[in-house]
Amino acid sequence: MTSPTPNASESFSPRSDFLRILTERGYIHQGSDLAGIDASALEGRLTTYVGYDCTAASLHVGHLLSIMMLHWLQATGGKPIALMGGGTTRVGDPSGRDEARKILTLEQIEENKEGIKKTFARFLRFGEGGNGALMVDNAEWLTKLNYIEMLRDIGRHFSVNRMMSMDSVRMRLERDQELSFLEFNYMILQSYDFVELNRRYGCILQMGGSDQWGNIVNGIDLGRRLGTPQLYGLTCPLLTTASGAKMGKTAAGAVWLDAGFLSPYDYWQFWRNTEDADVTRFLKLFTLLPMDEIARLSALAGAEINEAKKVLATEATALMHGRDAAEAAAETARKTFVEGTLAADLPTVTVPRDLLAAGLGVLTAFGPEHARLVPSTSEARRQIKNGGLRVNDVAVSDERAVLRDSDLTADGVIKLSFGRKKHVLLRAE
């Protein structure tokens, strides 16, 4: 087995369309054997999986890179597998965390799984034949494992010394943060997933974020020890913005992919607010635009770069929510910011009319209970001090202020704004 080599794409010239696209668009961070992956893609036998634990009812922007990699895999002839972590979610992945994930009930895991399934239909074509994508759940095999047999047949191939050196374990211990025995077993289960998917579906490549590198390498090694065909691994970078912020995080929380958690308009605005230095990179990663069009947009400078940002926002939103929703979001933004009108299709939340009659505190109105423009009342207080929150375009200066029926506009709404570009209409019913 070729030793996994980080950043191997820097000196590799791919022949397959799959690796060529991933390389030129900037998806590749680490690869176990790029030449082997390239050859498998050329031979048309590249069945590949990415795993998604069911820790929330929606995926977020941080998952988009691996989803896009699955999209390009299928577009170039490969067969993608979206693996739902109905089994591994019961254990919890310790990668990149200082504390254990919250233990979810089986009912919560199932609800979350059903919620995140919807995302993939936008990016993948599902079907049993040819290179149709598959969606499977590792609970199918993990929940049927016998513990003694697992220790004897699988556990004996794992070195505790090596497991302790993996980033997901080592970094937790270096920070004196507790790592439970339950979490310690996660990499064994993920490794076993890879072997099982190879046996069932001929899967030979696992992709994921760079924080999964250790788990992927362990799966490759386990496959070798158990006599599977050669397995491969490929990771994408964990993105940060040009200013160093974690990609997909805002002051109001995660940027969810499900429209029930984040409206298409707010999703569009997230991409529209991209930093200038990130526009070209994000056009390559998060749109399907051809490279020559991206080069044209990348050449825009000064105020014209805003046009490139609008294209990015519309194309990224069209991928996730459909072209109609993307164009509606762009038009709402145009009306709001260019014409200065109150667009009726701004994100809207409803509150009981008697709540306004009694007086709804601005901290609560802007917070996660209603408008979700800020993640907490403490953040709302901070934004008020900085002049960042407005009601009907008037800055809020008193954190004790309340909203009442008298604040409703002629359209029957109260416009809540965070900064210049985030708005929610509060409607009483």
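If you read the sequence from its start, that first residue is 1, and numbering goes on from there.
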(message) Using every non-hydrogen atom in the two residues, find where L319 and R122 come nearest and quote the distance to one decimal.
(response) O-CB, 3.4 Å
(request) May I ask you to test the C236-M69 pair for a side-chain heavy-atom distance under 4.5 Å? (result) yes
(message) Using ring centroids (six-membered ring only for Trp), state whether F194 and Y49 fall under 6.0 Å.
(response) yes
(message) Surrounding CZ of R125 (heavy atoms of other residues, nucleotides or ligands, distance under 6.0 Å), is the total greater than 12?
(response) yes
(request) Could you check if a side-chain atom of L83 sits within less than 4.5 angstrom of a side-chain atom of L197, using non-hydrogen atoms only? (result) yes
(request) With salt bridge (charged side-chain N to carboxylate O under 4.0 Å, His left out) as the test, would you mind laying out the steps for D38 and R20 before giving the verdict? (result) CA-CA 9 Å; D38 200 38; R20 176 184 57 77; over 6 Å; no
(request) Drop me the distance from H321's NE2 to S263's OG, to the nearest 0.5 angstrom. (result) 8.0 Å
(request) Can you spot which of L288, L64, L70 makes a side chain to side chain contact (heavy atoms under 4.5 Å, CB included) with F123? (result) L64
(message) L104 vs R90, test: side-chain contact (heavy atoms from CB on, under 4.5 Å). Steps then yes/no.
(response) CA-CA 7 Å; L104 302 178; R90 305 183 192 189; over 6 Å; no
(request) Show the numbers, then the answer: is there a side-chain contact (heavy atoms from CB on, under 4.5 Å) between L124 and M135? (result) CA-CA 10 Å; L124 301 174; M135 181 173 287; over 6 Å; no
(message) Looking at A326, is its backbone amide N or carbonyl O close enough to the side chain of T317 to form a donor-acceptor pair, meaning the two atoms are under 3.5 Å apart?
(response) no
(request) For the residue pair W256 and F261, categorise the inter-ring angle as parallel (less than 30°), tilted (30 to 60°) or perpendicular (more than 60°). (result) tilted
(message) Please tell me whether Q212 and N215 have a donor and an acceptor in their side chains that are separated by less than 3.5 angstrom.
(response) yes
(request) Could you pull out all residues at least two apart from E399 that satisfy salt bridge (charged side-chain N to carboxylate O under 4.0 Å, His left out)? (result) R381
(message) To the nearest 0.5 Å, what is the distance between CD1 on I67 and CG on L257?
(response) 6.0 Å
(request) Could you tell me how the ring of F286 sits relative to the ring of F282: parallel (under 30°), tilted (30 to 60°) or perpendicular (over 60°)? (result) perpendicular
(message) Between D266 (side chain only) and L262 (backbone N and O only), is there a donor and an acceptor less than 3.5 Å apart?
(response) no
(request) Find the distance between CG (L106) and OG1 (T143) and round it off to the nearest 0.5 Å. (result) 9.5 Å
(message) How close do I28 and P237 get, counting heavy atoms only, and between which atoms?
(response) C-CD, 4.5 Å
(request) Considering non-hydrogen atoms only, spot the tightest contact between A365 and H370 and give its length. (result) O-CB, 3.4 Å
(request) Start with the C-alpha distance between L234 and Q30, add both sets of side-chain angles, then the distance that settles side-chain contact (heavy atoms from CB on, under 4.5 Å), and finish with yes or no. (result) CA-CA 6 Å; L234 197 62; Q30 297 157 301; over 6 Å; no
(message) Applying side-chain hydrogen bond (donor to acceptor under 3.5 Å, both in side chains), can you list everything that pairs with R296, at least two apart in sequence or on another chain?
(response) E293
(message) Within the structure provided, determine whether N138 and Y192 are in side-chain contact (heavy-atom separation under 4.5 Å).
(response) no
(message) Please report the interatomic distance CD1(I109) to NZ(K113), rounded to the nearest 0.5 Å.
(response) 9.5 Å
(request) For the residue pair I81 and C203, establish whether any side-chain heavy-atom pair is separated by less than 4.5 Å. (result) yes
(message) So T314 and R323, do their side chains get closer than 4.5 Å, heavy atoms only?
(response) yes
(message) Checking the side chain of D53 only, and the main-chain atoms of T55 only, is there a donor and an acceptor separated by less than 3.5 Å?
(response) no
(message) Can you give me the closest heavy-atom contact between M320 and Y267, atom names plus distance?
(response) CB-CE2, 3.7 Å
(request) Evaluate the side-chain proximity of D153 to L226: yes if any heavy-atom separation is below 4.5 Å, no if none is. (result) no
(message) Could you check whether any side-chain N or O of S191 sits under 3.5 Å from a backbone N or O of L222, counting only pairs where one atom can act as donor and the other as acceptor?
(response) no
(request) Taking all heavy atoms of L297 and all of A308, pick out the closest pair and write down the distance. (result) O-CB, 3.9 Å
(message) Can a donor-acceptor pair be found, under 3.5 Å and without considering hydrogens, that links the side chain of N112 to the backbone of A57?
(response) yes
(message) For residues 63-74, which residue pairs pass the side-chain hydrogen bond (donor to acceptor under 3.5 Å, both in side chains) check, not counting sequence neighbours?
(response) Y27-W72, Y52-S66
(message) Check E24 with K284, please: is the shortest side-chain N to carboxylate O separation under 4.0 Å?
(response) no
(request) Would you give the length of the straight line joining atom CG of L300 to atom OG1 of T280, rounded to the nearest 0.5 angstrom? (result) 9.0 Å
(request) For the pair D137 (side chain) and G86 (backbone), establish whether a donor and an acceptor sit closer than 3.5 Å, ignoring hydrogens and angles. (result) yes
(message) Pairing donors with acceptors under 3.5 angstrom, does anything connect the side chains of H29 and S210?
(response) no
(message) Check whether T228 reaches the backbone of V195 with its side chain - one donor and one acceptor, N or O, closer than 3.5 Å.
(response) no
(message) Could you measure the distance from the CG atom of L312 to the NZ atom of K310? Nearest 0.5 Å is fine.
(response) 13.0 Å
(message) Checking the side chain of K79 only, and the main-chain atoms of G130 only, is there a donor and an acceptor separated by less than 3.5 Å?
(response) yes
(message) Please find the pair of heavy atoms, one from K118 and one from G115, that lie closest to each other, and give the distance.
(response) CE-O, 3.4 Å
(request) State, yes or no, whether a side-chain contact exists between W213 and D211 at a heavy-atom distance under 4.5 Å. (result) no
(request) Run the numbers on R334 and E331 for side-chain contact (heavy atoms from CB on, under 4.5 Å), then give the verdict. (result) CA-CA 5 Å; R334 187 188 68 79; E331 178 61 11; 2.6 Å; yes
(message) Given 3.5 Å as the limit, does a donor-acceptor pair link the side chain of E196 with the main chain of D193, or not?
(response) no
(request) Verify, without hydrogens or angle tests, whether N386 (side chain) and G388 (backbone) share a donor-acceptor contact under 3.5 angstrom. (result) no
(request) Check whether any side-chain heavy atom of I216 sits under 4.5 Å from a side-chain heavy atom of T235, and report yes or no. (result) yes
